[in-house]
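Only heavy atoms go into these numbers, but all of them, side chains included; no hydrogens, no water, no symmetry mates. Counting from 1, the numbers follow the sequence of the chain as shown. All values derive from a computational prediction rather than experimental measurement.
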Amino acid sequence: MLLNKELEDRVVDLLVEDGLVDSGLVQNAYNEVRKTGQPILAVLKSKKIADDDRIQHATAIVLNVPYVDLRNIRFDRQALLKIPQGVAERSRVVPLGERDGRLVVAMVDTSNVQRMDYISTLVNMPIHGVMTSEAGIDNAMSQYVADLKDVNKVAEREEEIASENADVITITQDSPIAKALMSILDYAAKSKASDIHIEPLENSLIIRCRIDGVLRKTMELPKSIEPALVSRIKIMAKLKIDEHRIPQDGQFAVNVNGDVIDLRIATSPVIWGEQVVIRLLDKSGTSMEVEKMGMTGRALADVTEGISKPNGMILTSGPTGSGKSTTLYALIKKIKNEAINIVTLEDPVEYKMEGVNQIQINVDAGLTFASGLRSILRQDPDVVMVGEIRDAETANLAIQAALTGHLVFSTLHTNSAAGILPRLIDMGIEPFMIASTLNTVIGQRLVRRVAERRETYQSSELETAALKDGVGELLPKTASEVPIVGEKLGYQGLPLADSPSFSLVKGIASDEAPNGYKGRAGVYETISIDEDIQKLIVAHATSGDIMRVARMKGTVTMRQDGMLKVLTGVTTMEEVNRVASDLA
């Protein structure tokens, strides 16, 4: 905002009077003004004597214009969509909502009459302007979620040059299809989606996003856009665009609001065309600390003990998308230091970690988990991470690595921690070798977290009975036991076991938190392989027998861990039932 000298001086005087800037520094700034001829407010900002927010606030007072601090505000998406994102970014205007028949907008420069008139004409209603800072505008821009309705504008079929030449990506960057794809990716990234499903139907194209583990339909496009959209994705992923009969896999990266997001592409032929599934690997939004991911109490103690040993195996299990790889990364981060050599074999390398030698599996070139593992054992590793044990050969090599003095991390697809043990036996591993190499086994699932905006209610008779049946034995019996049990289980504020009902929470649904959930937390169970468990393994015990003994020794099951998270306001019973209904 351009102010005359008199108004600028009044702003500076106000800052000094309110003690927001040092008068001596201001005098030095005026000396700079006399030398350079720059405006005083520009000098205050460049010399960091006063920040933009303070200057804008003082300017608003001098001009008698309302001021709003938007730096830490969570915006209503419906209000933001009053003005298209592109217009808001160019004009540096944030719509805040309607009041008395006028649209209230926050601007850096409320004196710009032409801009106010333009916005008023655009939204077809009068405008009331209030002032804010550049930081406030930036915060609003970061919360804009792309309006996917704009994608429908590219519905008419267009011809795209099909070529694997990298120049095509540059040439077609401004094409409608490219913009449509970027709108979809932008929406998914800002919504923290883990996957995008592009699914052809007979007469339309459905876009669904997996957000917090649940697929949600986000839009429906005309069928005519499908060939060009799928071709565009194939070009960027360097796949064969003229191959429609077999599945293909590829990858590329995109820059969304300054964050680089790696994309894994999987295409497959379906009855009405080609389905495309895009996995988004966003490093910026992922916690790499098991405590923040939800691991606590006995599970955290078992894992900490397992990774502190110089050799042996730590295995984590769970269905696809249950956070197994993220858990391994968090454990690697816990032990990583310059004194040890850590080598990983991954397919794909999801998160790049400094100080860790990460190897990407390339089956076409002959680099498999098994062949890679043979190679890296000759590279003097102290710690080895194998992304997944998929076959007997890899399992045998991993066991041999653990037997020869290495600490080995890996994952298996089983339903529970105890299920890992018979699964390894099914792969042909001798029970005595399993018993002598395993340190800790982990089972995990992911539940959605209750949003910050929430309400409390008393559990129903059915919920109360289910909670008492599931974790009644773990809860404190008297008030004096509450802190002791809380410390043991890693959960504070647990209710008494004989409570007539329990105080539970549920989230308030919003655009930012669909169905009242935002973010996810892990529910875990761990088994530390001690002498008693080793005997059961050697005796070919079932996973049920192993879990019964583990529970007698203090293991908290995944379902119990989920219920403890319900009682402490992390998630809901509906979520625990959704992801762990098949578990005891």
Side-chain angles (χ1 to χ4, degrees), residues 1-4 6-21 29 38-147 186 190 257-258 452-453 510-512:
M1 177 181 292
L2 295 176
L3 301 176
N4 61 39
E6 180 185 352
L7 287 174
E8 283 202 331
D9 289 342
R10 287 172 59 191
V11 171
V12 175
D13 290 343
L14 181 60
L15 290 169
V16 173
E17 288 170 11
D18 288 351
L20 298 175
V21 294
Q38 295 183 72
I40 180 63
L41 297 183
V43 173
L44 292 182
K45 280 193 278 190
S46 66
K47 297 290 186 183
K48 297 184 178 178
I49 297 172
D51 62 28
D52 179 60
D53 193 73
R54 287 181 176 177
I55 290 174
Q56 282 291 102
H57 198 168
T59 301
I61 293 173
V62 168
L63 295 176
N64 196 28
V65 175
Y67 182 83
V68 290
D69 184 353
L70 302 180
R71 290 174 296 174
N72 300 302
I73 296 296
R74 299 302 300 175
F75 292 90
D76 184 302
R77 179 169 179 263
Q78 293 304 315
L80 288 178
L81 292 179
K82 293 284 185 183
I83 300 176
Q85 183 178 1
V87 173
E89 286 178 336
R90 288 191 301 273
S91 302
R92 307 298 286 167
V93 174
V94 178
L96 302 179
E98 295 181 27
R99 188 177 66 193
D100 299 329
R102 295 189 295 175
L103 179 64
V104 180
V105 298
M107 309 172 66
V108 172
D109 184 3
T110 54
S111 66
N112 192 324
V113 178
Q114 291 89 350
R115 185 169 297 168
M116 296 275 275
D117 288 343
Y118 169 67
I119 298 297
S120 178
T121 303
L122 181 71
V123 299
N124 195 29
M125 65 188 306
I127 293 295
H128 174 66
V130 298
M131 281 185 67
T132 190
S133 64
E134 288 285 355
I137 298 287
D138 289 340
N139 179 41
M141 293 304 107
S142 71
Q143 294 181 44
Y144 256 100
V145 176
D147 186 357
D186 185 57
K190 289 179 178 177
N257 296 321
E452 290 184 10
R453 291 184 61 210
S510 66
D511 287 328
E512 186 182 322

Those residues that, when tested against R90, pass side-chain contact (heavy atoms from CB on, under 4.5 Å) (two or more places apart): V87

Got a second to check how far M116's CE is from S111's OG, nearest 0.5 Å? 9.5 Å

So, using side chain to side chain donor-acceptor pair (under 3.5 Å) as the criterion, who are the partners of E452 when residues are at least two apart? none

Any idea which heavy atoms bring V68 and A106 closest together, and the distance? CG2-CB, 4.1 Å

With sequence neighbours left out, what residues match D138 under side chain to side chain donor-acceptor pair (under 3.5 Å)? R92

Any pair counted as salt bridge (charged side-chain N to carboxylate O under 4.0 Å, His left out), so long as it reaches residues 112-128, sequence neighbours left out: none

Which is it for T110 and V130 under the side-chain contact (heavy atoms from CB on, under 4.5 Å) test, yes or no, and what are the steps along the way? CA-CA 7 Å; T110 54; V130 298; 5.8 Å; no

Atom OG1 of T132 and atom CE of M107: how far apart are they, to the nearest 0.5 Å? 11.5 Å

From CG (N112) to CD1 (I119), nearest 0.5 Å: 10.0 Å

To the nearest 0.5 Å, what is the distance between CE on M141 and CD on E89? 6.0 Å

Given T59, which of I61, I55, V62 fulfils the side-chain contact (heavy atoms from CB on, under 4.5 Å) condition? I55

Check whether S120 reaches the backbone of M125 with its side chain - one donor and one acceptor, N or O, closer than 3.5 Å. yes

With sequence neighbours excluded, residues passing side-chain contact (heavy atoms from CB on, under 4.5 Å) with A58: V11, L14, L15

Residues G97 and L103: closest non-hydrogen pair is O-CD1, 3.6 Å

Give the intermediate values and the outcome of side-chain contact (heavy atoms from CB on, under 4.5 Å) for residues L70 and L96. CA-CA 10 Å; L70 302 180; L96 302 179; 4.2 Å; yes

Across all chains, not counting sequence neighbours, the side chain to side chain donor-acceptor pair (under 3.5 Å) partners of D53 are Y67, R71, S133

Mark yes or no for whether E134, through its side chain, and V108, through its backbone, hold a donor-acceptor pair below 3.5 Å. no

Do V105 and V123 pass the side-chain contact (heavy atoms from CB on, under 4.5 Å) test, and can you show the C-alpha distance, the side-chain angles, and the key distance before you say yes or no? CA-CA 11 Å; V105 298; V123 299; over 6 Å; no

